[in-house]
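What follows is a short report on a single structure.
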Amino acid sequence: MVARRKVAVVGAALSDCGRVDDATPYALHAQAARRALSDAGLDRTHVDGFASAGLGTLAPVEVAAHLGLRPTWVDSTSVGGSTWEVMAAHAADAIAAGHARAVLLVYGSTARADVRAGRRTGTLSFGTRGPLQFEVPYGHTLIAKYAMAARRHMIEYGTTIEQLAEVAVQARANAALNPEAMFRTPVTVDEVLAGPVIADPFTKLHCCVRSDGGAAVLLVAEEYVRDCRTSPVWVLGAGECVSHAAMSEWPDFTVSPAAVSGRLAFERAGVRPSEIDVAEIYDAFTYMTLVTLEDLGFCAKGEGGAFVEKGRLRVEGGELPVNTDGGGLSAQHPGMRGLFLLVEAVRQLRGECGERQVRRGDGTLPRLAVASGTGGWFCSSGTVVLGAG
């Protein structure tokens with residue numbers, strides 16, 4: 001049997017993010033890709049694998065052509081916000097097996113600018129075909145699905161709206177330390193609760209921001225690491241899972257597919273949740289953070305509310321800093337945000353985060369991070385465990 005190669009992330013970067021009115025999605029893809037390659041100290045001639053989703057008719061073909069790439073390994077998996085963790089898992093497997101040497105993952109979106117310019121409207125639904133035809137006619141929008149799941153958790157476990165609001169408060173506290181975050185002004189629980197109701201029980205600040213932006217990550221085989229200018233961040237383990245297509249097929253609204261993807265990722269990495277120093281979790285809505293923390297094993301099922309209300313998610317003084325850049329609730333959210341989770345996790349492990357840099361109890365840099373993305377309406381999950389070089 002041929003030995004599997006170790007895989008490292010050696011490049012991680014964002015494009016311009018937030019309010020970007022003068023760029024196309026292709027431009028944001030290219031900007032993020034160039035920055036990630038520059039971060040690694042490699043050029044595009046090293047790239048023989050490419051993964052992309054969400055842009056163009058043939059996403060990896062069109063975007064790769066725009067970037068001047070001719071990859072011999074491609075992935076166009078599209079499972080919503082968890083796309084990039086799932087793609088990272090696929091890329092790591094391909095590299096480990098010798099099917100590729102260097103795989104570039106890239107995303108870019110002008111979701112905010114498009115709405116502002118009237119090129120598109122807000123996304124209330126993914127469509128009306130297939131299983132969705134039985135939900136959409138009754139006004140069951142995307143946000144309503146998440147809101148209904150949150151309400152189920154509140155009924156089952158006594159989770160309070162104040163506890164959910166704490167997720168938004170702590171995300172904003174972390175964003176205040178991030179000069180690139182879209183919203184940095186601190187908020188209180190009362191301010192979160194006082195906002196306009198979007199879908200009961202969510203008010204406006206329970207929901208992610210809408211932004212523009214792009215991100216890119218470069219994964220390489222271990223033999224490339226010595227040629228890179230950055231310290232490697234090793235892919236230790238990954239897992240993926242898909243759950244349901246329609247809400248009526250979801251057995252338990254209080255359990256997300258991260259319960260499976262997380263277990264697989266931790267088992268394959270050979271680490272326990274208690275060993276993780278920093279967590280980057282998909283947070284289109286506050287409830288996503290809370291339930292994913294439970295399902296990844298950071299607290300028991302039903303105890304997420306008590307876990308988050310004690311300030312544990314903060315960079316400053318938190319036991320488990322979560323969404324250290326401010327997350328989708330405050331930093332940026334241009335659509336399928338999973339790749340941004342990987343970028344932030346890599347930067348934290350490399351000690352590049354400035355004022356928001358996480359430190360362990362002894363003052364050293366974090367050694368282990370987890371990035372967990374969620375797609376659709378808790379339909380899919382991808383979880384990746386990363387370790388410092």
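Bear in mind that the values here come from a model prediction, so they are computed numbers and not experimental data.
- Taking the ring centre of Phe183 as origin, the terminal cationic atom of Arg19 falls inside the region bounded by 6.0 Å and 45° from the ring axis.
- Here the straight-line distance linking atom OG of Ser109 with atom CD of Gln332 works out to 11.5 Å at 0.5 Å rounding.
- For the pair Val291/Lys301, a side-chain contact is recorded, criterion being any heavy-atom separation below 4.5 Å from C-beta on.
- Rounded to the nearest 0.5 Å, atoms CD (Gln170) and CD (Glu309) are 10.0 Å apart.
- With sequence neighbours excluded, no residue satisfies salt bridge (Lys or Arg N to Asp or Glu O under 4.0 Å) with Lys310.
- Sequence neighbours left out, the pairs with a member in residues 52-67 that pass side chain to side chain donor-acceptor pair (under 3.5 Å) are Tyr26-Glu62.
- Interatomic distance, CD1 of Ile281 versus OG1 of Thr374, reported as 8.5 Å (0.5 Å rounding).
- Interatomic distance, Trp250 CH2 to Met148 CE, rounded to the nearest 0.5 Å: 8.5 Å.
- By the 6.0 Å contact criterion, CD on Glu316 is open, its count of non-hydrogen atoms from other residues, nucleotides or ligands being 12 or less.
- Both Leu320 and Leu329 belong to a common hydrophobic cluster when Ile, Leu, Val, Met, Phe, Trp and Tyr are linked at side-chain heavy-atom distances under 4.5 angstrom.
- Atoms CZ and CZ, on Phe50 and Arg70 in that order, are 11.5 Å from each other to the nearest 0.5 Å.
- Sorted by first and then second residue, the side chain to side chain donor-acceptor pair (under 3.5 Å) pairs with a member in residues 338-349 read Thr324-Glu344, Thr324-Gln348, Glu344-Gln348, Glu344-Arg356, Gln348-Gln357; sequence neighbours excluded.
- Within the structure, salt bridge (Lys or Arg N to Asp or Glu O under 4.0 Å) pairs that include any residue of residues 35-57 comprise Asp16-Arg35, Asp39-Arg350, Asp48-Arg101 (at least two apart or interchain).
- Residues that satisfy the salt bridge (Lys or Arg N to Asp or Glu O under 4.0 Å) test with Arg360, not counting sequence neighbours, are Asp277.
- Here OG1 of Thr110 is found 9.5 Å from CG of Asp21. Values are rounded to the nearest 0.5 Å.
- Closest non-hydrogen pair, Asp283 versus Gly328, comes out as OD1-N, 2.7 Å.
- When every heavy atom of Val358 is checked against every heavy atom of Pro321, the shortest pair comes out as CG2-CB, 3.7 Å.
- Two residues are said to be in side-chain contact when any heavy atoms from C-beta on lie closer than 4.5 Å; Ile143 and Cys207 meet this criterion.
- The side chain to side chain donor-acceptor pair (under 3.5 Å) analysis of residues 233-243, with sequence neighbours excluded, yields the pairs His90-Glu240.
- Side-chain atoms of Arg184 come within 3.5 Å of backbone N or O of Asn178 as a donor-acceptor pair.
- The same ILVMFWY cluster, assembled from side-chain heavy atoms under 4.5 Å apart, contains both Met247 and Ile198.
- Between Leu14 and Cys17 the shortest side-chain heavy-atom distance falls below 4.5 Å.
- Screening residues 328-337 for salt bridge (Lys or Arg N to Asp or Glu O under 4.0 Å), with sequence neighbours left out, gives Asp325-Arg337.
- Hydrophobic clustering (side-chain heavy atoms under 4.5 Å, transitive across Ile, Leu, Val, Met, Phe, Trp, Tyr) groups Val308 together with Val322.
- Under the salt bridge (Lys or Arg N to Asp or Glu O under 4.0 Å) criterion, Arg116 pairs with no residue, sequence neighbours left out.
- Counting all heavy atoms, side chain and backbone alike, Leu368 lies closest to Gly387 at CD2-CA, 4.1 Å.
- Checking side-chain atoms of Thr203 against main-chain N and O of Val192 turns up a donor-acceptor pair under 3.5 Å.
- Under the side-chain contact (heavy atoms from CB on, under 4.5 Å) criterion, Ile161 pairs with Met154, Leu164, Leu193, Pro201, His206, sequence neighbours left out.
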Using side-chain contact (heavy atoms from CB on, under 4.5 Å), reason through Leu42 and Tyr224 one step at a time and then give a plain yes or no. CA-CA 9 Å; Leu42 300 176; Tyr224 273 75; 4.3 Å; yes

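- Formation of a donor-acceptor pair under 3.5 Å by the Arg268 side chain with backbone atoms of Gly237 is not found in this model.
- The shortest non-hydrogen separation linking Val187 to Arg172 is CG1-NH1, 3.5 Å.
- Judged as a ring-ring contact (aromatic ring centres under 6.0 Å, His included), the pairs with a partner in residues 281-328 (not counting sequence neighbours) are, in order, Tyr146-Phe285, His153-Tyr287, Phe202-Phe285, Tyr282-His333, Tyr287-Phe378.
- Between His244 and Cys379, the closest side-chain pair of non-hydrogen atoms falls below 4.5 Å.
- Cluster membership check: Val106 does not share its hydrophobic cluster with Met87, using side-chain heavy-atom separations under 4.5 Å among Ile, Leu, Val, Met, Phe, Trp and Tyr.
- Between Ala92 and Val235 the shortest heavy-atom distance is CB-CG1, 4.1 Å.
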Phe253 vs Arg151, test: side-chain contact (heavy atoms from CB on, under 4.5 Å). Steps then yes/no. CA-CA 9 Å; Phe253 286 9; Arg151 182 60 74 183; over 6 Å; no

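- Of the possible donor and acceptor atoms, one in the side chain of Thr83 sits under 3.5 Å from a partner among the backbone N and O of Gly80.
- Residues Val103 and Val220 fail the side-chain proximity criterion, which asks for heavy atoms closer than 4.5 Å.
- Within the 3.5 Å criterion, the main-chain N or O of Val10 finds a donor-acceptor partner in the side chain of Thr230.
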Would Val167 and Val169 satisfy side-chain contact (heavy atoms from CB on, under 4.5 Å), going step by step from the backbone distance to the final call? CA-CA 5 Å; Val167 175; Val169 169; over 6 Å; no

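- Neither side chain, Thr188 nor Asp190, offers a donor N or O lying under 3.5 Å from an acceptor on the other.
- Within the structure, the salt bridge (Lys or Arg N to Asp or Glu O under 4.0 Å) test picks out the following pairs touching residues 134-144 (sequence neighbours left out): Glu135-Lys145.
- Hydrophobic clustering places Leu293 together with Leu296 (ILVMFWY residues linked when any side-chain heavy atoms are closer than 4.5 Å, directly or through intermediates).
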Could you walk me through whether Trp84 and Val217 pass the side-chain contact (heavy atoms from CB on, under 4.5 Å) check? CA-CA 10 Å; Trp84 308 101; Val217 163; over 6 Å; no

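- Of the listed residues (Thr292, Thr289, Thr383), just one forms a side chain to side chain donor-acceptor pair (under 3.5 Å) with Ser372, and that residue is Thr383.
- The side-chain contact (heavy atoms from CB on, under 4.5 Å) search around Asp252 returns Thr254, Val255, not counting sequence neighbours.
- Between Glu222 and Arg5 there is no salt bridge, since no side-chain N of the basic residue sits under 4.0 Å from a carboxylate O of the acidic one.
- Between the side chains of Asp295 and Ser256, at least one donor N or O lies within less than 3.5 Å of an accepting N or O.
- Pairing each heavy atom of Ala89 with each of Ala238, the nearest pair is CB-CB, 3.6 Å.
- Formation of a donor-acceptor pair under 3.5 Å by the Asn174 side chain with backbone atoms of Arg314 is not found in this model.
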Let's go through Glu319 and Arg312 carefully: what are the C-alpha distance in whole Å and the side-chain angles of both, what is the deciding distance for salt bridge (Lys or Arg N to Asp or Glu O under 4.0 Å) to 0.1 Å, and is it a yes or a no? CA-CA 5 Å; Glu319 296 175 24; Arg312 287 187 172 95; 3.1 Å; yes

